[in-house]
Undergrad: 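Before I ask anything, here is the structure I am working with.
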Amino acid sequence: ALTTSGDILYRGASADARLAKGTANQTLQMDGSANFPTWTTVAPATADWVKVSTTTFDGSTTSYNEDNFSATYDNYRVYMTGIQLTGTTGYSMKWRVRTSAGDYTSGNYFLSGGGWYKSSGSTGAHDAGQWAVNQPDLNGWSIPSTGTHSSEATFDMVWDYFNVNGTSDFKNVMFRYFGWEHGGSYTTFSQGGCTINQTAALTGFNFTNSGNAAFGNMGKIITYGLKT
């Protein structure tokens with residue numbers, strides 16, 4: 001007979017039987033012989049991508065050091081949203097990887113990139129790249145500012161960092177971004193990849209701009225690690 005609130009009545013081998021209620025968050029399933037119900041605790045599902053950090057722009061900082069890579073994950077994806085500069089001057093993005101020694105500043109960055117742009121009267125392709133530089137400009141498009149389209153224009157960007165903990169291979173990084181360029185006349189989609197000819201493990205990256213201008217307060221940098 002049922003004796004407690006939450007008990008379940010089921011048909012046993014030859015007669016009705018009582019299954020005592022389970023504990024909080026348990027799941028009802030069949031036993032190993034698929035004959036009788038039983039309670040079990042199911043481990044929660046886990047995502048392959050794990051959020052590591054979120055940085056929110058404060059409207060006054062000109063350069064962000066994101067030292068969020070660790071031995072826990074070998075590959076990272078970084079979302080950068082709401083990228084714009086304060087003021088009315090347009091500058092290009094600037095970027096470096098970081099190691100335990102800080103910014104990697106040697107002229108060993110080799111970038112291939114390009115993309116497309118569109119204005120009210122034209123469409124075109126943009127071929128870009130840089131060879132043996134020490135701080136790539138990520139295809140050179142000017143960041144929208146608080147003076148571009150009434151402060152509503154931004155760049156949004158995605159990065160992929162590969163095998164950051166390896167110590168015997170060069171580091172490869174990919175990026176892509178879209179938005180209005182600073183002048184407000186073109187939308188641009190730009191992408192590229194960069195090989196950095198150095199083998200030290202990466203601890204993160206630095207993101208700044210060519211004019212050392214403050215980034216607006218709409219931006220965020222959200223970093224995820226990929227489980228392997």
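Note that these values count all heavy atoms, side chains included, but never hydrogens, waters or copies made by symmetry. Along the sequence shown, residues are numbered consecutively beginning with 1.
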Undergrad: How long is the straight-line distance from CE of Met174 back to OG of Ser112, given to the nearest 0.5 Å?
TA: 11.5 Å
Undergrad: Do Tyr10 and Trp39 belong together in a cluster built from hydrophobic side chains that touch within less than 4.5 Å?
TA: yes
Undergrad: Main chain of Ser122, side chain of Ser119: is a donor-acceptor contact present, judged purely on distance under 3.5 Å?
TA: yes
Undergrad: Between Tyr64, Phe215, Tyr177, Trp95, which is the residue that forms a ring-ring contact (aromatic ring centres under 6.0 Å, His included) with Phe207?
TA: Phe215
Undergrad: Are there more than 12 heavy atoms of other residues, nucleotides or ligands under 6.0 Å from atom CG of Asn25?
TA: no
Undergrad: What I'd like to find out is whether the side chain of Val173 reaches to under 4.5 Å of the side chain of Ile196, using heavy atoms alone.
TA: yes
Undergrad: Let me check something: do Val50 and Tyr76 share a hydrophobic cluster, defined by ILVMFWY side-chain heavy atoms less than 4.5 Å apart, either directly or through other members?
TA: yes
Undergrad: A quick test of your reading: do over 12 heavy atoms of other residues, nucleotides or ligands sit less than 6.0 Å from NZ of Lys118?
TA: yes
Undergrad: Please tell me whether Met218 and Leu85 are part of a single hydrophobic cluster in this structure, the criterion being side-chain heavy atoms less than 4.5 Å apart.
TA: no
Undergrad: Between CD of Glu181 and OG of Ser145, what distance do you get to the nearest 0.5 Å?
TA: 10.5 Å
Undergrad: State whether a side-chain donor-acceptor pair under 3.5 Å links Ser190 with Thr188.
TA: no
Undergrad: Mark yes or no for whether Ser92, through its side chain, and Gly140, through its backbone, hold a donor-acceptor pair below 3.5 Å.
TA: no
Undergrad: For the CG atom of Leu226 and the CZ atom of Arg77, what is their distance to the nearest 0.5 Å?
TA: 9.0 Å
Undergrad: Ile222 and Leu202: same hydrophobic cluster, using ILVMFWY side-chain contacts below 4.5 Å?
TA: no
Undergrad: Does Gln198 reach the main-chain N or O of Phe170 with its side chain, forming a donor-acceptor pair under 3.5 Å?
TA: no
Undergrad: Take Asp103 and Thr105, measure what side chain to side chain donor-acceptor pair (under 3.5 Å) needs, and give me the verdict at the end.
TA: CA-CA 6 Å; Asp103 283 8; Thr105 60; over 6 Å; no
Undergrad: Salt-bridge test for Asp137 and Lys94: reply yes if a basic N is under 4.0 Å from a carboxylate O, no otherwise.
TA: no
Undergrad: Go through the steps to decide whether Arg176 and Phe178 satisfy the test side chain to side chain contact (heavy atoms under 4.5 Å, CB included), and finish with yes or no.
TA: CA-CA 7 Å; Arg176 58 190 184 275; Phe178 181 80; over 6 Å; no
Undergrad: When you compare the side chains of Thr195 and Asn172, does any donor N or O come within less than 3.5 Å of an acceptor on the partner?
TA: yes
Undergrad: Cut-off 3.5 Å, side chains only: do Asn68 and Ser53 have a donor facing an acceptor?
TA: yes
Undergrad: Between Ser33 and Asp31, is any side-chain donor less than 3.5 angstrom from a side-chain acceptor?
TA: yes
Undergrad: Does a side chain donor of either Asn65 or Asn206 reach within less than 3.5 Å of an acceptor in the other side chain?
TA: yes
Undergrad: Find the distance between CG (Asp7) and CG (Leu9) and round it off to the nearest 0.5 Å.
TA: 9.5 Å
Undergrad: Has Thr38 got a side-chain atom pairing as donor or acceptor with Met30's backbone, closer than 3.5 angstrom?
TA: no
Undergrad: Check the hydrophobic clustering (I, L, V, M, F, W, Y; side-chain heavy atoms under 4.5 Å; chains of links allowed) and say if Trp180 and Phe189 are grouped together.
TA: no
Undergrad: What distance separates Trp116 CH2 from Gln191 CD, expressed to the nearest 0.5 Å?
TA: 5.0 Å
Undergrad: Would you say the side-chain atoms of Glu66 and Thr55 include a donor-acceptor pair closer than 3.5 Å?
TA: yes
Undergrad: Ignoring hydrogens and geometry beyond distance, is a side-chain donor-acceptor pair present between Arg18 and Thr3 at under 3.5 Å?
TA: yes
Undergrad: Distance only, no hydrogens: is a donor on one side chain within 3.5 Å (strictly under) of an acceptor on the other, for Asp74 and Asn165?
TA: yes
Undergrad: Would you say NZ of Lys21 has more than 12 non-hydrogen atoms from neighbouring residues, nucleotides or ligands within 6.0 angstrom?
TA: no
Undergrad: Angle between ring planes, Tyr224 versus Tyr79, binned at 30° and 60°: parallel, tilted or perpendicular?
TA: perpendicular
Undergrad: Any chance the side chains of Asn212 and Thr62 put a donor and an acceptor closer than 3.5 Å?
TA: yes
Undergrad: Are side-chain N/O atoms of Thr81 and Asp156 paired as donor and acceptor at under 3.5 Å?
TA: no
Undergrad: So, taking the atom named CD1 in Ile143 and the one named CE in Met93, what distance separates them when rounded to the nearest 0.5 Å?
TA: 6.0 Å
Undergrad: For Thr41 and Gln26, test the side chains for any donor-to-acceptor distance below 3.5 angstrom and give the result as yes or no.
TA: yes
Undergrad: Between Asp160 and Asn75, is a side chain to side chain donor-acceptor pair (under 3.5 Å) present by the stated rule, with each step listed?
TA: CA-CA 7 Å; Asp160 288 305; Asn75 304 293; over 6 Å; no
Undergrad: Between Lys51 (side chain) and Gly225 (backbone), is there a donor-acceptor pair under 3.5 Å?
TA: no
Undergrad: Parallel, tilted or perpendicular: which fits the ring planes of Trp141 and Tyr186, with parallel below 30° and perpendicular above 60°?
TA: tilted
